[in-house]
Enquirer: 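Quick one: this structure, given as structure tokens, is what I'll be asking you about.
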Amino acid sequence: MDFRFDLIWNYAPFFLSGTLLTIGLSFAGILIGTLLGLVIALGKMMRNKWLSLPFVCYIGFFRGTPLFVQILIVHFGVVPLILGQSNGIVAGIIALSLNAAAYIAEVFRSGIQSIDKGQMEAARSLGMSHAQAMRYIILPQAFKRILPPLGNEFIALLKDSSLVSAIAAPELTYWAQQMGAEYFKVWEPYLTISLIYLILTLSLSAVVNRLERRMATE
Amino acid sequence: MIKVENLKKTFGDNEVLKDINVEVKKQEVVVVIGPSGAGKSTFLRCINLLDSITSGHIFIESVDITDTKTDINKIRAEVGMVFQQFNLFPHMKVLDNIMLAPMKVKKVEKEKAQKKALELLKKVGLEEKADAYPDSLSGGQKQRIAIARALAMEPKMMLFDEPTSALDPEMVGEVLDVMKQLAKDGMTMVVVTHEMGFAREVGDRVLFMDGGYIVEENEPHELFSHPREERTKAFLSKVL
């Protein structure tokens with residue numbers, strides 16, 4: 001087999017811009033997905049069944065349908081409806097965020113519910129409101145506890161961002177497909193982006209590990 | 001200062017408090033004793049509405065806290081509580097545990113809160129633990145910190161829910177000493193405990209609860225040496 005490093009080199013600028021977009025999509029997805037996930041988790045935990053129902057449905061829908069289908073719906077349906085035209089990057093960010101939020105919400109919920117109920121009671125007994133107790137007592141502890149599963153979600157999101165190549169968002173996988181089509185090559189483009197994905201996910205997990213260590217209290 | 005009228009509390013079909021009527025005066029130390037399942041802790045937790053009540057009224061300094069218009073957070077800020085399981089905030093250093101509520105609830109400035117926290121740590125004999133995390137402390141130390149944390153809000157009264165029950169025997173004394181000092185300083189206290197010695201020594205009044213009722217109440221020496229009710233006699237004969 002003749003492995004053509006020179007072709008990879010030719011495509012390096014595209015892989016670079018693709019990598020940047022993959023990072024951008026993932027970063028936006030993580031940020032929006034985490035914030036939205038927290039809101040949905042708190043929503044789902046509301047005592048009033050009717051108020052929590054929309055959040056339950058949200059999680060049900062986004063976990064119960066394929067991410068790829070969600071990307072297509074957002075790209076061909078939702079974004080044109082809002083912007084008047086399609087936009088792969090915007091659609092990618094929206095779909096990835098909405099999808100990740102559903103999973104992250106469940107991670108948050110499990111974390112919050114794992115905190116001993118005495119913590120909330122102690123905070124309330126000191127005169128804190130429910131919101132203050134959540135913010136200063138429950139969430140910081142829950143966040144520390146959910147960092148490992150949250151890290152999993154972030155890594156999954158980063159890898160899932162490859163799906164948006166199908167809606168012509170020029171990220172890593174998109175450029176690999178372009179290169180494959182241009183030179184009729186398989187190994188060069190796909191091994192290259194595999195390596196890049198691997199570097200990205202390993203870096204991400206290193207960041208999460210560091211955060212974990214920093215939050216240790218002993 | 002605290003007035004409880006016809007308090008009833010049910011959990012599902014289980015009637016835990018049947019008809020509680022109590023009054024606690026300013027600077028009084030009331031000790032609640034009784035067998036487990038008598039409703040002692042529930043009674044205490046109803047006083048600051050950590051447990052919702054089923055019916056009846058509770059007045060704290062003449063404010064009906066069972067009235068839905070009452071701002072319960074404001075009431076709780078004035079009623080300190082100490083738990084059996086300490087419930088310190090494990091993600092914060094000792095000093096931050098004590099400073100948090102004054103800063104967030106009473107909007108005390110950081111420097112002032114810190115000064116007060118250090119004073120309180122001194123009072124409970126744990127100044128050197130200011131920068132420690134709760135997990136590194138012994139049970140007795142944790143409970144003393146928990147008392148300091150409650151005192152930082154400058155409460156008008158304190159509720160103690162079996163504060164020494166989760167402690168190794170050799171640590172009970174250090175916590176009781178802090179509580180005795182508090183009583184001496186004139187704090188109004190309601191204490192659920194199994195420490196009969198504490199009840200006898202510090203209590204102005206002892207309530208004996210059983211089966212969701214206050215069966216008997218009296219000045220401690222009288223209650224311990226001449227219990228009137230059969231149930232009180234039976235209980236005391238087991239624990240004394």
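On a predicted model such as this, the values are computed, not experimentally measured, just so you know. Labels below follow one simple rule: chain letters A, B, ... track the order of the sequence lines, proteins then strands, and each chain is numbered from 1.
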Enquirer: Given 3.5 Å as the limit, does a donor-acceptor pair link the side chain of B/His91 with the main chain of A/Tyr136, or not?
Expert: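 Flag set: sc B/His91 to bb A/Tyr136 pair under 3.5 Å.
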Enquirer: Measure the CG-OG distance between B/Leu49 and A/Ser125 for me, rounded to the nearest 0.5 Å.
Expert: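 Output value for this atom pair is 12.5 Å.
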Enquirer: Pair A/Glu121, B/Arg45 - check side chain to side chain contact (heavy atoms under 4.5 Å, CB included), show working.
Expert: CA-CA 10 Å; A/Glu121 289 181 350; B/Arg45 293 161 53 86; 2.7 Å; yes
Enquirer: Under a 4.5 Å heavy-atom cut-off, does chain A meet the side chain of B/Pro90, its backbone, both or neither?
Expert: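 Interface part for B/Pro90: both.
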Enquirer: Nearest 0.5 Å please: distance from the OG atom of A/Ser129 over to the CG atom of B/Asp71.
Expert: 9.5 Å
Enquirer: With a 4.5 angstrom heavy-atom cut-off, is it the side chain or the backbone of B/Leu159 that approaches chain A, or both, or neither?
Expert: neither
Enquirer: Looking at B/Glu128, I want to see if its CD is surrounded by more than 12 non-hydrogen atoms of other residues, nucleotides or ligands under 6.0 Å.
Expert: yes
Enquirer: Taking the side chain as every heavy atom from C-beta outward, state whether A/Leu126 and B/Arg149 have any pair of such atoms under 4.5 Å apart.
Expert: yes
Enquirer: Please check: side-chain N/O of A/Gln132 versus main-chain N/O of B/Lys104, any donor-acceptor pairing under 3.5 Å?
Expert: yes
Enquirer: For the residue pair A/Arg124 and B/Asn48, confirm or rule out a side-chain donor-acceptor distance under 3.5 Å.
Expert: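 No, B/Asn48 and A/Arg124 have no side-chain donor paired with an acceptor closer than 3.5 Å.
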Enquirer: Please check if atom NZ in B/Lys74 has more than 12 non-hydrogen atoms from other residues, nucleotides or ligands closer than 6.0 Å.
Expert: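 No, not enclosed.
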Enquirer: Give, for atom CG of B/Leu50 and atom CE of A/Met120, the distance between the pair rounded to the nearest 0.5 Å.
Expert: 11.0 Å
Enquirer: Can you confirm whether more than 12 heavy atoms, excluding those of A/Phe27, are under 6.0 Å from its CZ atom?
Expert: no
Enquirer: Top residue by heavy-atom pair count (under 4.5 Å) with chain A, among B/Phe89, B/Phe83, B/Phe86?
Expert: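 Winner by heavy-atom pair count: B/Phe89.
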Enquirer: Check for a donor-acceptor pair, side chain of B/Asn87 on one end and backbone N or O of A/Gly118 on the other, with a separation under 3.5 Å.
Expert: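 Here the side-chain-to-backbone pair exists.
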Enquirer: A/Gln119 versus chain B, heavy atoms under 4.5 Å apart: side chain, backbone, both or neither?
Expert: both
